[in-house]
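Computation of the quantities below employed the complete heavy-atom set of this structure, encompassing side-chain atoms and omitting hydrogens, waters and symmetry-equivalent molecules.
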Amino acid sequence: MARHLITSALPYINGIKHLGNMVGSMLPADVYARYLRQRGHEVLYICATDEHGTPAELAAKEAGVPVDAFCAEQHDAQKAIYDGFQLAFDYFGRSSSAENREITQHFARRLKENGFIEERAIRQVYSIADGRFLPDRYIVGTCPHCGYDKARGDQCENCTRVLDPTDLINPRSAISGSSELEVRETKHLFLLQSKLAGEVESWIDATSEEWPQLSSSIARKWLTEGLHDRAITRDLEWGVPVPADAWPELAAEGKVFYVWFDAPIEYIGATKEWSDQDPANRDWKSWWYEADDTVRYTEFMGKDNVPFHTVMFPATQLGTREPWKKVDYVKSFNWLNYYGGKFSTSQKRGVFTHDALEILPADYWRYFMMANAPESDDTSFTWEHFTATVNKDLADTLGNFVNRVLSFSRKRFGDAVPAGKPAGEAEARLGDEIAGLLAEYEGHMETLQFRKAAAALRALWSAGNSYLEEKAPWLEIKSDEEGAALTLRTAMNLIHLYAVISEPFIPASARAMRGAFALTDDTARWVTAEEAKALASVPAGTAFTVPPVLFAKITDEDLAVYRERFGGEDPAAA
């Protein structure tokens, strides 16, 4: 089987993430990784907190704690939430790790040796009160376009216009609030992307044919507009330091690398963190160095991250002149919005991941987000849509099927799977239908079409309900007890099948369904077409229990509470 390397865009350290962040990277990566593991592939799913850059320092300052302590606390807080969502990372690291510092500095040295990093003098805002140069996000003021008085020096969050610090009206330091600012000359390192543009374009031409249109179009837009040399150092206290052996003057000034230079390298750094935990049995280089023919590498990210992963990071890798593994497939996502407007961490707009887990179990959220993943266009979260999806697909279609089959069988036949008569024509038709739907489901998962995969999974669940309605064992038992036993036995085999194939989407519920049967050798990783047709993985006589209700319906009263707490328009009141 193939070896699959999977990474999802690193969640930034400054605060708990919202659902849009989850569905745009980490959750689909987890669903795909789980599926591949079940199909027998060797999988390494790597992620980490992105801990460098201006927002980390500003958030730490606002919290009144040192930035290293702030990042450590936030890493643990985020990891606990991702555990709650049952994201099965093989390793969840930190971009502030020693491993990332070592590899980032190695990349920088190699780029310098090959003539792709250049030291340049630039003019930058200096705060007299703070005694330091200010990166663009350390400068705030009034946006000249919309009048928003808390615009940053790189972008106005209110109107989204890109800015330079000198564009701001009444600029001031985000550290001290002082307006005693002046422009001075300083030196920074630049990655000479212009010299690598041809190589990046050739690589994209050879690699991107199977990428989603969203990924390839964004990458080519950047190429068409031309790759410009980019400053890759900043005046910050927290970051990967410029190595003194390569740039002694800049190192003495305390320059650190730009977060978008070291963050993608952390994919490699986190893999080395994972390897360093068990070096006798883990080899990080086998995944990243001279691995083109042995590893299939898939990245997951929101569309705003695509340019950095398809242009800047590959340029960095190519410029080292070393055989680093580059991405094979870039799975990108549009936005999940909240009632038509953007989720916002800074404005606390929308549902955030810790609040989501407080309200309902993770599987409710996992299924809804993947069934409505913003793959082809932006999608919108509303409480009404969420409620309808949970109640119809999870509670009524899957949960009710499991409960009524097991409860009715226990009531009429006891605590063991009934035997009944041999399978007949209805069971043969059902087996063929299930095998066909399973093949469809597998095809969508292989091509990373998650909305279509969720629809195929829902169709598999619905097939069981249709079979149950056709056979009606609650009526059948009155005239044909053995026939009713066959129907229930077949339905129980469906439950076991659902448990196996639903695991990527709803892992906790899948465990509950699978655990209902006391099978001593239940080691099946997946269901073959033959097994799907036969529907015979749970033999007659197997003991079973009725699990607690898998999915409770969301009531109108619940919905009213959610709207009041998080906002959102009530259609009836509109």
Less than 4.5 Å apart, any side-chain heavy atom of [X] and any of [Y]?
| X | Y | answer |
| --- | --- | --- |
| Tyr45 | Ser8 | yes |
| Lys17 | Tyr12 | yes |
| Ser215 | Lys303 | no |
| Ser208 | Ile204 | yes |
| Thr379 | Asn334 | no |
| His309 | Val330 | no |
| Asn305 | Glu299 | no |
| Leu360 | Ile554 | yes |

Could you tell me whether the side chain of [X] and the main chain of [Y] form a donor-acceptor pair under 3.5 Å?
| X | Y | answer |
| --- | --- | --- |
| Gln86 | Ala362 | no |
| Glu266 | Ala48 | no |
| Gln38 | Arg525 | yes |
| Ser409 | Val405 | no |
| Thr353 | His18 | no |
| Asn493 | Val538 | yes |
| Ser407 | Arg404 | no |

Between the side chains of [X] and [Y], is a donor N or O closer than 3.5 angstrom to an acceptor N or O?
| X | Y | result |
| --- | --- | --- |
| Asn281 | Asp278 | yes |
| Gln449 | Thr447 | no |
| Ser97 | Glu273 | yes |
| Glu476 | Thr487 | yes |
| Glu531 | Trp526 | no |
| Tyr338 | Trp383 | yes |
| Tyr91 | Ser275 | no |
| Arg3 | Ser286 | yes |

Exercise for review: Please test Lys331 against Glu210 for salt bridge (Lys or Arg N to Asp or Glu O under 4.0 Å), starting from the C-alpha separation and ending with a verdict.
Suggested key: CA-CA 10 Å; Lys331 177 64 176 179; Glu210 62 176 295; over 6 Å; no
Show me the donor-acceptor pairs within less than 3.5 Å that the side chains of residues 422-433 make with the rest of the protein, sequence neighbours left out.
{"residue": "Glu425", "atom": "OE2", "partner": "Arg429", "partner atom": "NH1", "Å": "3.2"}
{"residue": "Glu427", "atom": "OE1", "partner": "Gly424", "partner atom": "N", "Å": "2.8"}
{"residue": "Glu427", "atom": "OE2", "partner": "Tyr467", "partner atom": "OH", "Å": "2.5"}
{"residue": "Glu427", "atom": "OE2", "partner": "Lys471", "partner atom": "NZ", "Å": "2.7"}
{"residue": "Arg429", "atom": "NH2", "partner": "Glu470", "partner atom": "OE2", "Å": "2.5"}

Point to revise | Ring-face cation of Lys285 near Tyr289 (centre distance under 6.0 Å, axis angle within 45°) | key: yes
Of all the heavy-atom pairs spanning [X] and [Y], show the shortest one and how long it is.
| X | Y | result |
| --- | --- | --- |
| Leu438 | Val527 | CD2-O, 3.4 Å |
| Tyr82 | Pro11 | OH-CB, 3.4 Å |
| Asp90 | Trp274 | O-CD1, 3.8 Å |
| Ala516 | Leu406 | CB-CD1, 4.2 Å |
| Phe381 | Val351 | CE2-CG2, 4.0 Å |
| Met301 | Ala9 | CB-CB, 4.0 Å |

Review point. What residue among Phe401, Tyr364, Trp365 forms ring-ring contact (aromatic ring centres under 6.0 Å, His included) with Phe551?
Key: Tyr364
Tell me whether [X] is salt-bridged to [Y], with the criterion being a basic N under 4.0 Å from an acidic carboxylate O.
| X | Y | result |
| --- | --- | --- |
| Asp558 | Lys553 | no |
| Glu503 | Arg37 | no |
| Glu375 | Lys452 | no |
| Asp393 | Arg458 | yes |
| Asp355 | Arg565 | yes |
| Asp363 | Arg511 | no |

Point to revise | Criterion salt bridge (Lys or Arg N to Asp or Glu O under 4.0 Å) on Asp480 and Lys421, from CA distance to verdict | key: CA-CA 10 Å; Asp480 185 359; Lys421 63 175 62 172; 2.8 Å; yes
Review point. Run the salt bridge (Lys or Arg N to Asp or Glu O under 4.0 Å) check on Asp50 and Arg94 step by step: do they pass?
Key: CA-CA 7 Å; Asp50 183 3; Arg94 301 181 60 189; over 6 Å; no
Could you give the distance from [atom1] ([X]) to [atom2] ([Y]), rounded to the nearest 0.5 Å?
| X | Y | atom1 | atom2 | answer |
| --- | --- | --- | --- | --- |
| Leu87 | Asp30 | CG | CG | 5.0 Å |
| Gln74 | Thr49 | CD | OG1 | 9.5 Å |
| Leu398 | Ile506 | CG | CD1 | 5.0 Å |
| Leu550 | Leu394 | CG | CG | 9.5 Å |
| Ser216 | Glu209 | OG | CD | 10.0 Å |
| Phe408 | Leu468 | CZ | CG | 9.5 Å |

Check the angle between the aromatic planes of [X] and [Y] and answer parallel, tilted or perpendicular using the 30° and 60° thresholds.
| X | Y | value |
| --- | --- | --- |
| Tyr267 | Trp288 | parallel |
| His496 | Phe517 | perpendicular |
| Tyr35 | Tyr441 | perpendicular |
| Trp461 | Tyr367 | tilted |

Are more than 12 heavy atoms, taken from residues, nucleotides or ligands other than [X], located less than 6.0 Å from that residue's [atom1] atom?
| X | atom1 | answer |
| --- | --- | --- |
| Arg412 | CZ | no |
| Gln277 | CD | yes |
| Lys326 | NZ | yes |

**Study point:** Verdict with reasoning, Arg563 to Glu384, per salt bridge (Lys or Arg N to Asp or Glu O under 4.0 Å)
**Key:** CA-CA 9 Å; Arg563 281 204 207 96; Glu384 296 75 26; 2.5 Å; yes
Review point. Between Phe92 and His75, is a ring-ring contact (aromatic ring centres under 6.0 Å, His included) present by the stated rule, with each step listed?
Key: CA-CA 9 Å; Phe92 186 71; His75 171 85; 5.2 Å; yes
